[in-house]
Q: 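Handing you a structure now.
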Amino acid sequence: MEADVTHADTARGVVLDGRYRIEEVIGHGGMSTVYRAHDDVLDRDVAVKIFPPSSEAAHTRRHQSEMHVLARLSHPGLVTLHDAGSAHAGGPGEQTYLVMELVPGPTLADHLAGGPMPTSHVARMGRQLADAMAAVHEAGVVHRDIKPANVLVVDRDAVTDEDPAAALTTGPLVKLADFGIARLADGARLTMTGTTLGTATYLSPEQAAGGEVGPATDVYALGLVLLECLTGEKAFRGTVMEVAAARLNTDPTVPESLGEQWGALLARMTRREAADRISMRQVVVELTRVLGEPTDEIPTGALPAAEAPSAGSGGTEEGAGQGRSGRSAAAVTMSLGAVPRGRSAGTRRRVPTPILVMAVALLGLTVGLMVPRGDQGVPRGDLPVVEGPLGEAIDDLARSVEP
Ligand SMILES: Nc1ncnc2c1ncn2[C@@H]1O[C@H](COP(=O)(O)OP(=O)(O)OP(=O)(O)O)[C@@H](O)[C@H]1O
């Protein structure tokens, strides 16, 4: 019988596909365990992300669809997908795994525990993330889970040094991980044992309202992440319920001390109406202005020069989320099956406010009931699956809670 790769103690030493030798756990997510592994064929270290066994064919199909999208995305600011496969293929304990570029540094969440970052560092790091995300949007995909825990810091010194000029100009400081995988398993977090629930810190208003999610959702989340990097404080604090509900009526506060440029940019990124936000490509342009650099020489990491949009061309709302194929991000999201249960392509539907309030209350209540009072904050037992619009609103909230 093949070894179980669910747990660290049984996974160590397992060789997947005859080449990926599992070594040690390097990260846990709500949906997976991430291991350092050695690729015996290419003789290099890699990261292997293993999902728990799924008995639902729909989950497996969704993982495969998402892998195909991940495979076509290439950008220095995105963690590269090398390979994918299944352990115990065809059996009841089949487990999907992804083999990725190994980024050995801490996450931005780890880094932020040390306090705010210098503004120029935030601008450069933010521009790298925005450029990567603009490429993602232009490929017709929405991440939907931008948060510090999903930003891997490539070079810790480049973020902490007072004068990291060389590192800042040569390569990406950060890489975005967890690319859209979390959204694939709609509702799975609500049924998984051992899922860590935190706060709905980076939830966009449209996610909180159960509305349609598009590229502007990522812009909002990145705005909150940048604000947190600058201030060292989360923009919204409180219980899951309070935090999720607050953003429907409240704009994040940008301290005046950050200056007019940052104030204007962050306000335009975090407008409550998604349609009023600037595009991710425009964020790249604005952060270049913040850095005092010419906007006609903005680096675009992923796209060949011939295909790269000019600095300003993607900056219009019309351009936001349109891929080179001409398909909108929302359309591709739907074709991936990444839309919450029960939604169909082309259907625009908002969850009525009373349902949202019930959803927020239920999620808050559930988290309150499930999270033990100790330091770990790890819920025990299964959370209920709720069908219909209420379930969808809860799913959206659950997907957005931060570990
Ligand atoms: N390519 C990588 N290189 C190094 N570490 C990684 C890599 N990918 C993920 N990790 C580590 O594993 C952790 C969990 O990964 P990830 O967020 O992708 O999992 P997840 O199950 O999708 O999580 P969630 O959906 O709860 O955010 C990360 O926070 C990071 O510490």
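All values below were derived from every heavy atom in this structure, side-chain atoms included, with hydrogens, water molecules and symmetry-related copies excluded. In each ligand, atom 1 is the first atom listed, and ligand 1 is the first ligand listed.
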Q: Tell me whether Glu101 has any N or O atom under 3.5 angstrom from an N or O of ligand 1.
A: yes
Q: Judging by distance only, is a nitrogen or oxygen of His28 under 3.5 angstrom from one on ligand 1?
A: no
Q: Out of all atoms in ligand 1, which are within 4.0 Å of some heavy atom of Asp145? Include the element for each.
A: 27 (O)
Q: Hey, which atoms in ligand 1 end up nearer than 4.0 Å to a heavy atom of Ala47?
A: 1 (N), 2 (C), 3 (N)
Q: Heavy-atom contacts with Val79 under 4.0 Å: which atoms of ligand 1 show up? List them by number with element.
A: 1 (N)
Q: Would Tyr20 and Asp83 count as a side-chain hydrogen bond (donor to acceptor under 3.5 Å, both in side chains) if you check the C-alpha gap in whole Å, the side-chain angles of each, and the deciding distance to 0.1 Å?
A: CA-CA 10 Å; Tyr20 304 114; Asp83 196 2; 2.6 Å; yes
Q: Please determine whether a side-chain nitrogen of the Lys or Arg among Asp251 and Arg272 lies less than 4.0 Å from a carboxylate oxygen of the Asp or Glu.
A: yes
Q: Check ligand 1 against Lys147 and write out every atom of the ligand that is under 4.0 Å from a heavy-atom position of the residue.
A: 27 (O)
Q: Can a salt bridge be assigned to the pair Arg277 and Glu206 using a cut-off of 4.0 Å between side-chain N and carboxylate O?
A: yes
Q: Taking atom 10 (N) of ligand 1 as the point of reference, which of Val34, Ile26, Val151 owns the nearest heavy atom?
A: Val34
Q: Hey, are Asp218 and His143 close enough side-chain-wise for a donor-acceptor pair under 3.5 Å?
A: no
Q: Regarding Ser279 and Gln282, do their side chains bring together a donor and an acceptor under 3.5 Å, going by distance alone?
A: no
Q: Taking only heavy atoms of Ser32 into account, list the atoms of ligand 1 that are under 4.0 Å away from them.
A: 19 (O), 20 (P), 21 (O)
Q: Less than 3.5 Å between some nitrogen or oxygen of Ala149 and one of ligand 1, yes or no?
A: yes
Q: Under 4.0 Å from a heavy atom of Met100: which atoms of ligand 1 are those, numbered in the order shown and with their elements?
A: 1 (N), 8 (N)
Q: Indicate yes or no: does Glu293 engage Arg127 in a salt bridge with an N to O separation below 4.0 Å.
A: yes
Q: Return a yes/no value for Val103: is any of its N or O atoms, backbone included, closer than 3.5 angstrom to an N or O of ligand 1?
A: yes
Q: Could Asp39 and Arg21 be called an ion pair, given the rule that one side-chain N must be under 4.0 Å from one carboxylate O?
A: no
Q: Identify whether the distance between the nearest side-chain nitrogen and carboxylate oxygen of Arg237 and Glu242 falls below 4.0 Å.
A: no
